[in-house]
Amino acid sequence: MAAPVRTLCSSVLRLSSRQFSTTCGVQGGEKWRKENGISKSGTEYGPLTDLPDWSFADGRPAPLLKGQLRRKQEREVLARRIVMLSSEVDKGIESWNDKREEAQRMEEHKKSLLLKPKGMMLIKNKSNS
C-alpha cells in the first residue's frame, strides 16, 4: 500500500511546475520590528551585534570579531559611496546653474543686439513708459 502512494506522490511532484519549499517566508516578528523602526531580523545592527562581547579586566577593549570587522568595512564603503554621490549631485547642480546663467546672459546679449527705435517711435515709447 505504501509503495503505490510513494510512487503517486513522486510522479505528481515531478510533473508539477511549481517549486516546493519548506522554509519560512517571513521571520517571526519582522512586521512588528519594521513598524517600530528596528532591523527586520534583529541581528543586522544594534548593541548586540555592534558592541564587543567582552573586554579585558583592566578595561582594554576586546579585539573586533570577523563579523564586526566586516560590518565596519561595509559601513565605511557605504559612507564613501554616499559622499561620492553627494559630491556628484552638488557638481551637477552647480553645472546646471552655470548653464542657466549662461543662457540668461546669451538672451540678454541677443536683446541688446536688436534694433533700437528711432525718431517718433522713440518719443512714443518714452511717453508711454
Side-chain angles (χ1 to χ4, degrees):
M1 172 89 174
V5 171
R6 187 178 317 135
T7 309
L8 177 66
C9 288
S10 65
S11 65
V12 168
L13 287 174
R14 252 186 280 128
L15 295 175
S16 174
S17 63
R18 300 183 105 195
Q19 297 294 322
F20 184 72
S21 176
T22 58
T23 59
C24 179
V26 176
Q27 294 181 353
E30 179 178 344
K31 182 180 176 184
W32 179 87
R33 285 196 288 276
K34 281 186 179 179
E35 289 172 356
N36 291 301
I38 304 171
S39 66
K40 68 179 185 179
S41 71
T43 59
E44 294 175 1
Y45 56 87
L48 294 178
T49 55
D50 295 336
L51 296 177
D53 295 334
W54 56 276
S55 63
F56 292 102
D58 61 357
R60 291 180 293 149
L64 296 176
L65 301 174
K66 289 180 184 178
Q68 292 171 327
L69 288 173
R70 179 182 45 81
R71 284 188 293 276
K72 182 179 177 184
Q73 184 179 15
E74 288 172 356
R75 288 183 190 128
E76 288 175 356
V77 168
L78 180 64
R80 284 190 192 103
R81 182 164 169 78
I82 289 170
V83 168
M84 180 193 66
L85 293 175
S86 176
S87 66
E88 285 182 10
V89 168
D90 292 342
K91 288 178 187 176
I93 290 172
E94 193 174 307
S95 68
W96 179 75
N97 284 334
D98 291 344
K99 287 179 184 178
R100 191 180 69 194
E101 289 173 2
E102 182 63 30
Q104 287 176 348
R105 280 194 294 269
M106 290 295 292
E107 187 68 29
E108 290 173 4
H109 181 68
K110 285 180 183 179
K111 285 182 181 178
S112 69
L113 295 177
L114 293 176
L115 295 175
K116 309 290 188 272
K118 293 184 179 180
M120 293 303 291
M121 293 297 291
L122 181 62
I123 295 172
K124 286 181 184 178
N125 284 340
K126 285 185 180 180
S127 62
N128 291 338
S129 300

Asker: Might you point out which heavy atoms bring A62 and P52 nearest each other, and give the distance in Å?
Answerer: CB-CB, 4.4 Å

Asker: If you draw a 6.0 Å radius around CE in M106, do more than 12 non-hydrogen atoms from other residues or ligands fall strictly inside?
Answerer: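 Count not over threshold, so no.
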
Asker: First locate atom CD1 of I82, then atom OG of S87, and finally report the distance between them rounded to the nearest 0.5 Å.
Answerer: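 Here the rounded value is 12.0 Å.
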
Asker: Would you mind writing out the side-chain donor-acceptor pairs for residues 67-79 within the sub-3.5 Å range, not counting sequence neighbours?
Answerer:
| unit_1 | atom_1 | unit_2 | atom_2 | d |
| --- | --- | --- | --- | --- |
| Q68 | OE1 | L65 | N | 2.9 |
| Q68 | NE2 | L51 | O | 3.0 |
| R70 | NH1 | E74 | OE2 | 3.4 |
| R71 | NH2 | T49 | O | 2.8 |
| R75 | NH2 | D50 | OD1 | 3.0 |

Asker: Identify which one of R100, K99, Q104, R105 satisfies the side chain to side chain contact (heavy atoms under 4.5 Å, CB included) criterion when paired with E102.
Answerer: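 That would be R105; it is the only one of R100, K99, Q104, R105 passing the side chain to side chain contact (heavy atoms under 4.5 Å, CB included) with E102.
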
Asker: Return the minimal non-hydrogen interatomic distance between P63 and F56, and the atom names on each side.
Answerer: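 Scanning both residues completely, I find the closest heavy atoms to be CD-CE1, 4.4 Å.
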
Asker: Looking only at atom types and distance, does a side-chain atom of S112 sit under 3.5 Å from a main-chain N or O of H109, one as donor and one as acceptor?
Answerer: yes

Asker: How long is the span from the CG atom in D90 to the CG atom in L85, to the nearest 0.5 Å?
Answerer: 11.0 Å

